[in-house]
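To start, the structure itself, in C-alpha cells.
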Amino acid sequence: PLGQIKQDFSQSEDGLFSCNSDNVEPASFTEQELEAAESEAVMDETFGDVDDIGFYAALEADNSGRLMEDESNPLRCADVSHDKENNVITVDFGEGCYDWKDRLLQGKVIITYTDRIFVPGAVHTMTFDDFYVDSIQVEGVRTRTNLADDTSDTLKFQITLENGKLTWPDVTFATRDADHTVKRIRALNPIEDERHLDGSAEGTTRGGLAYSSEILETIVFKRSCYPRRNFIPVSGVKVIRLEGFSDTTIDYGDGTCDNVFIMERNQRRFEVRVLRRVRNG
C-alpha cells in the first residue's frame with residue numbers, strides 16, 4: 001500500500017520519500033528498482049558535491065577573485081594547502097565541519113593536476129583520504145579533463161569515475177564507474193552557475209544488483225536550488241537498466257527546484273520526492 005511505502009521511505013537513512021499523484025502506480029516498481037533509482041540519485045548528488053570541491057580548490061589555486069564573495073564556496077570550512085612544486089592541492093575538512101548546504105564534511109580530498117583548471121587539456125585528478133559527506137564514506141578516483149577550446153565562462157570537461165564507492169553507516173554500499181561530459185555554465189554570481197551532464201555509468205546498488213544508466217536528455221543541476229534544500233537535478237532524462245528487470249526511465253522535470261523525479265516503465269509512473277539526507281553518527 002502507498003501509505004506503507006511512504007512510511008518505509010520516510011524512516012530510511014537515504015533521505016528518500018515516495019508520494020503518489022495522478023497516474024502514479026507505486027505497485028509497478030519493486031524495492032530493488034527503487035533502490036537503483038536511489039543509488040543513482042545519491043551518487044549524482046554526492047559526486048556532484050565532490051566536483052564542486054575540486055572546482056573551487058582549482059579556482060583558489062588560481063587566486064580567483066570570485067571566491068571572496070561567494071557564499072556557496074564549499075571550501076569555507078576547510079583547510080586548503082597547495083604544493084605548487086608537485087602540483088598537489090589538499091582540501092582538509094579535519095574531523096568535521098559544515099558546508100553551505102549544512103552537510104558535515106570530514107577527511108581529505110587530494111587533487112593532483114597538470115595545469116590550471118581553465119587551460120584546455122588540463123587534467124585534475126581527485127582521490128580521497130577517509131572522506132565523508134554526512135555519514136557516507138566516499139571512495140574512488142575522479143578525473144576531470146578540460147575539453148574547452150578557449151578560456152570562456154562556459155567550461156566543458158570530461159569527468160570519469162573509477163572504482164567509485166559510497167558506504168553507509170550500516171556498512172551497505174553502492175559502486176559506480178562513470179564517464180560523463182560536463183558543461184559548467186558560469187554566471188556573474190556563482191550561486192547562479194549550472195552544471196549540464198551527459199554520459200553513462202554502471203555499478204551495483206546497495207542491494208548488490210548490477211545496473212547501468214545512460215543520460216537520454218541532458219541532466220541539469222542549478223546551484224540556485226541548493227539554498228532551498230533542493231539537491232537533485234532540475235531537468236533531464238536518464239534510463240536505468242537493472243539486472244533482472246525491464247528498463248526504467250527517470251525524468252527530473254521541467255527545471256523547477258522541487259526535489260521530485262518520476263520513474264516510468266511501460267507507461268506506468270511513480271513519483272519520488274527527496275526530502276533530506278539523514279545524518280548518522
Would you find more than 12 non-hydrogen atoms of other residues, nucleotides or ligands less than 6.0 Å from F173 atom CZ?
no
- Task: Check whether the ring centres of H82 and Y113 lie less than 6.0 Å apart, and answer yes or no.
- Result: yes
The reported gap from CZ in F128 to CD1 in I53 (rounded to nearest 0.5 angstrom) is 8.0 Å
#### Entry: Under 3.5 Å: donor-acceptor pair, side chain of Q106, backbone of Y132
no
Practice item. Using the salt bridge (Lys or Arg N to Asp or Glu O under 4.0 Å) rule, take K165 and D177 through it: C-alpha gap first, then chi angles, then the decisive distance, then the call. Key: CA-CA 9 Å; K165 183 179 181 181; D177 289 273; over 6 Å; no
Which of T181, V182, N146 passes side chain to side chain contact (heavy atoms under 4.5 Å, CB included) with K156? It is T181
Within-4.5 Å side-chain heavy-atom neighbours: E264 and T248 = no
d(L75 CG, D92 CG) to nearest 0.5 Å is 12.0 Å
Item to check | Side chain T46, main chain V42, donor-acceptor under 3.5 Å | outcome: yes
| said: Salt bridge check, R223 against D52: does any charged N sit closer than 4.0 Å to a carboxylate O? | reply: yes
Nearest heavy-atom contact between D99 and P74 is CB-O, 4.5 Å
Heavy atoms of I117 and R144 approach each other most closely as CD1-CD, 3.6 Å
| request: State whether a side-chain donor-acceptor pair under 3.5 Å links D254 with T256. | output: yes
Please check: side-chain N/O of E40 versus main-chain N/O of A37, any donor-acceptor pairing under 3.5 Å?
no
**Prompt:** Same cluster for I262 and V237 if Ile/Leu/Val/Met/Phe/Trp/Tyr side chains link at under 4.5 Å?
**Reply:** no
Rounded to the nearest 0.5 Å, the CZ atom of F131 sits from the CG atom of L105 at a distance of 5.0 Å
_Plane angle bin for F118 and F55 - parallel if under 30°, tilted between 30 and 60°, otherwise perpendicular_ = perpendicular
Checking R241 against E214 for the salt bridge (Lys or Arg N to Asp or Glu O under 4.0 Å) test, could you report, in this order, the C-alpha distance in whole Å, the side-chain angles of both residues, the deciding distance, and whether it holds? CA-CA 9 Å; R241 301 180 175 97; E214 180 183 0; 3.3 Å; yes
Problem - V123 backbone acceptor or donor facing T114 side chain under 3.5 Å - result: yes
Smallest heavy-atom separation, A58 atom then H124 atom, equals CB-CE1, 3.7 Å
Electrostatic pair R142:D51 at N-O distance under 4.0 angstrom
yes
Query raised in the report: Any chain of hydrophobic side-chain contacts (each under 4.5 Å) joining V80 to M126?
Result: yes
So CG of D193 and CZ of F221: to nearest 0.5 Å the spacing works out to 14.0 Å
| request: Report yes or no: do T218 and D198 form a side-chain donor-acceptor pair below 3.5 Å? | output: yes
Quick test of your reading of the model: are D44 and R176 salt-bridged, counting only N-O distances below 4.0 Å?
yes
